[in-house]
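Here's the structure, in structure tokens; my notes come after.
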Amino acid sequence: MPTVICLDVSLSMSRQVEKRSLLEYAASGLSSFLSNVSAICPNEPISLVTFSSEATVHCSFTKDINEIKGVLEDVEIEDRADWMKLLKAVQGECTKWSLITPSKVILITDKVPPVTTPSEPFPAGCHMSLVALTPSEDAQKAAQDFWNSAGLNGKFHPGPVLHQESVDRIFETIMLDNYSRFDADIYFGHQSTSVSLSPPPDFNFLSELAKQPAPSTFPTTLKIHGFLPVTHLHSPPYLSRHLVHCVGIQSPTKQTAKSADLRVLLNDSLRAQDTVAVVELGMGWFGTLSSFLPKTERNAKKSNLVFATIAPGSIPWLGNLNFLALKRLVSTDKQNNLPYRQHFPKSYDSKSDGGTMVWGKASTLKQNVLKVVRYAKRLPDKSSAMFLKELNKVRRTILFYGYGEMMGVLCELLEREKTVANKEIIENCLAQLKSERDPTKQIKC
């Protein structure tokens with residue numbers, strides 16, 4: 001989970017306690033806290049925001065702890081605190097990951113923020129740890145009022161600051177509450193390996209997000225039940241993704257030191273065979289193990305094993321995963337219960353069923369629509385076939401997703417591209433876009 005650290009550098013943080021300012025106590029405590037985080041969660045992305053009358057993002061989700069420590073050594077006291085600008089900066093950082101990715105916010109200040117209503121909602125599951133270095137008597141209630149107004153969940157960590165050890169204890173408590181490692185065992189046949197999942201999975205959050213009941217605790221035994229080609233799974237709506245780190249080899253067969261680690265074996269095999277491993281989590285929840293290669297390393301050979309969670313009923317094109325089996329081992333009359341059915345639309349992947357699309361980001365939607373407009377500019381002499389192909393793909397996806405307003409926007413954009421030469425073709429397409437609502441039918445000139 002991403003972490004945003006917010007450090008108050010307003011004038012009140014210059015107050016001296018035992019010949020040191022509150023800001024110095026906070027910076028020293030944060031430095032020790034970051035060292036502990038990097039040891040337990042080495043891939044934790046962390047942002048640092050300092051605020052007074054202006055909020056400044058110094059490090060935006062970096063894994064370089066030394067970079068953040070360098071900034072903490074140079075922070076200086078400024079003027080008054082503007083809480084609205086702080087909330088706006090924190091929202092901007094949290095939403096970089098997505099509106100459904102839970103974030104952890106750590107706010108260090110010498111006072112409790114007033115009731116402040118942000119202009120935009122925080123991502124679901126966002127949790128704030130409020131460290132009040134010099135709390136007042138009603139600080140607990142004031143903190144709760146602040147979280148309610150901002151739409152956050154939180155925990156209050158009161159001071160007061162008497163010495164550096166008291167500050168370090170506060171950050172140790174935050175560490176224990178939010179950065180514990182989740183260990184599990186992956187089993188495949190007679191082989192097994194111990195791994196840790198980062199960030200730790202939380203079934204309570206996933207159940208609330210999917211509006212589906214889930215087991216009370218996430219299983220620590222991940223047993224692989226079977227494999228599916230990536231072309232069958234396509235683009236399922238994953239609720240969370242977790243990097244799989246190896247913490248040792250444990251197997252009933254007593255593997256030797258020269259034996260291949262199961263995690264490495266799975267990563268290499270899944271990547272080479274272009275498949276994913278299916279893991280049952282209970283109560284209709286499933287997970288997948290797949291090999292993932294970051295975009296920045298597409299030309300490299302390095303890849304990571306990733307575990308992803310899937311809510312019940314999220315992949316209807318595969319049917320019921322509880323019937324996962326080899327097709328050749330099942331009688332013909334029972335093959336309709338298999339999870340993969342050839343006659344059923346596979347998903348919203350661009351390679352299936354004539355080319356529908358996945359619009360996970362606004363930029364992707366914009367690119368697909370602009371491609372249609374670009375081909376429309378070349379009509380009628382060039383690209384007529386490509387124009388119809390891209391127009392039908394966008395239209396089909398709009399109808400599948402139910403984006404009625406998007407169809408109107410597409411029609412307006414095509415209206416602007418009408419010329420004397422292409423007027424007849426575009427008007428014919430516009431008439432079909434407005435009247436035909438069957439996604440299986442193609443638009444023709």
Side-chain angles (χ1 to χ4, degrees), residues 1-14 22-23 25-27 29-31 33-34 37 44-133 142-157 170-171 174 178-179 199 361-363:
M1 295 181 186
T3 299
V4 182
I5 298 176
C6 306
L7 178 60
D8 187 355
V9 294
S10 61
L11 192 60
S12 59
M13 290 288 285
S14 63
L22 296 178
L23 181 60
Y25 280 110
L30 278 174
S31 181
F33 169 76
L34 291 171
V37 170
E44 182 76 10
I46 300 176
S47 286
L48 176 62
V49 179
T50 61
F51 69 98
S52 54
S53 58
E54 297 291 337
T56 305
V57 180
H58 292 279
C59 307
S60 183
F61 291 124
T62 179
K63 298 177 183 177
D64 187 353
I65 301 300
N66 293 327
E67 179 184 358
I68 302 177
K69 288 183 177 180
V71 175
L72 290 174
E73 292 176 357
D74 299 330
V75 291
E76 297 179 352
I77 296 293
E78 298 180 14
D79 48 9
R80 65 181 181 84
D82 189 323
W83 300 101
M84 185 60 75
K85 290 185 178 178
L86 168 66
L87 288 180
K88 187 175 181 180
V90 174
Q91 285 173 334
E93 287 298 288
C94 292
T95 52
K96 286 181 179 179
W97 288 82
S98 81
L99 291 175
I100 64 171
T101 301
S103 304
K104 295 187 286 285
V105 180
I106 302 174
L107 173 59
I108 304 98
T109 181
D110 65 323
K111 47 194 168 292
V112 177
V115 174
T116 308
T117 303
S119 56
E120 299 291 337
F122 279 88
C126 188
H127 182 275
M128 175 180 285
S129 298
L130 175 56
V131 180
L133 299 179
Q144 189 61 54
D145 292 340
F146 170 70
W147 293 325
N148 293 339
S149 63
L152 290 167
N153 298 316
K155 184 175 181 180
F156 185 64
H157 300 271
I170 295 175
F171 285 109
I174 296 175
N178 299 284
Y179 295 92
K361 295 182 179 179
S363 59

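FYI, the numbering just counts along the sequence from 1. On a predicted model such as this, the values are computed, not experimentally measured, just so you know.
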How many angstroms lie between [atom1] in [X] and [atom2] in [Y], if you round to the nearest 0.5 Å?
| X | Y | atom1 | atom2 | result |
| --- | --- | --- | --- | --- |
| Ile5 | Thr3 | CD1 | OG1 | 7.0 Å |
| Glu44 | Tyr179 | CD | OH | 5.0 Å |
| Leu48 | Lys69 | CG | NZ | 13.0 Å |
| His127 | Leu152 | NE2 | CG | 9.5 Å |
| Gln144 | Ser149 | CD | OG | 10.0 Å |
| Ser53 | Asp79 | OG | CG | 3.5 Å |

Starting from the C-alpha separation in whole Å, work towards a yes-or-no answer on side chain to side chain contact (heavy atoms under 4.5 Å, CB included) for Met128 and Asn153.
CA-CA 6 Å; Met128 175 180 285; Asn153 298 316; over 6 Å; no

State which residues pass side-chain hydrogen bond (donor to acceptor under 3.5 Å, both in side chains) with Glu78; sequence neighbours excluded, sorted by chain then number.
Ser52

Are [X] and [Y] close enough that some pair of their side-chain heavy atoms sits under 4.5 Å apart?
| X | Y | answer |
| --- | --- | --- |
| Phe146 | Phe156 | no |
| Thr109 | Val131 | no |
| Ile106 | Cys6 | no |
| Thr62 | Ile46 | no |
| His58 | Glu67 | no |
| Cys126 | Cys94 | yes |
| Leu34 | Leu72 | yes |

ring-ring contact (aromatic ring centres under 6.0 Å, His included) contacts touching residues 61-84 (sequence neighbours left out)
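Pairs touching residues 61-84 that pass the test: Phe51-Trp83, Phe61-Trp97.
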
The test is side chain to side chain contact (heavy atoms under 4.5 Å, CB included); show your working for Val71 and Cys59 and say whether it passes.
CA-CA 8 Å; Val71 175; Cys59 307; 3.9 Å; yes

For residues Ser60 and Lys96, is any side-chain donor paired with an opposing acceptor at under 3.5 Å?
yes

For Met13 and Ala26, which heavy atoms make the closest approach, and how far apart are they?
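Reported closest heavy-atom pair: CE-CB, 4.3 Å.
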
Please confirm whether the backbone N or O of Glu54 pairs with a side-chain atom of Asp82, one donor and one acceptor, at under 3.5 Å?
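Between the backbone of Glu54 and the side chain of Asp82 there is no qualifying donor-acceptor contact (under 3.5 Å).
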
Would you say the side-chain atoms of Ser31 pair up with the backbone N or O of Ala27, donor to acceptor, closer than 3.5 Å?
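No, because the side chain of Ser31 does not come within donor-acceptor range (under 3.5 Å) of the backbone of Ala27.
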
Audit row: Ile174, His157, side chain to side chain contact (heavy atoms under 4.5 Å, CB included) steps and yes/no
CA-CA 8 Å; Ile174 296 175; His157 300 271; 3.6 Å; yes

Qualifying residue for side-chain contact (heavy atoms from CB on, under 4.5 Å) with Leu23, from Val9, Ile108, Thr50, Asp110
Val9

Residue from Leu7, Leu107, Val57 passing side-chain contact (heavy atoms from CB on, under 4.5 Å) with Val49
Val57

For the pair Phe33 and Phe171, name the ring-plane relationship: parallel under 30°, tilted 30 to 60°, perpendicular over 60°.
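Tilted, since the angle between the ring planes falls between 30° and 60°.
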
Step by step, would you call Ser10 with Lys111 a side chain to side chain donor-acceptor pair (under 3.5 Å)?
CA-CA 11 Å; Ser10 61; Lys111 47 194 168 292; 3.0 Å; yes

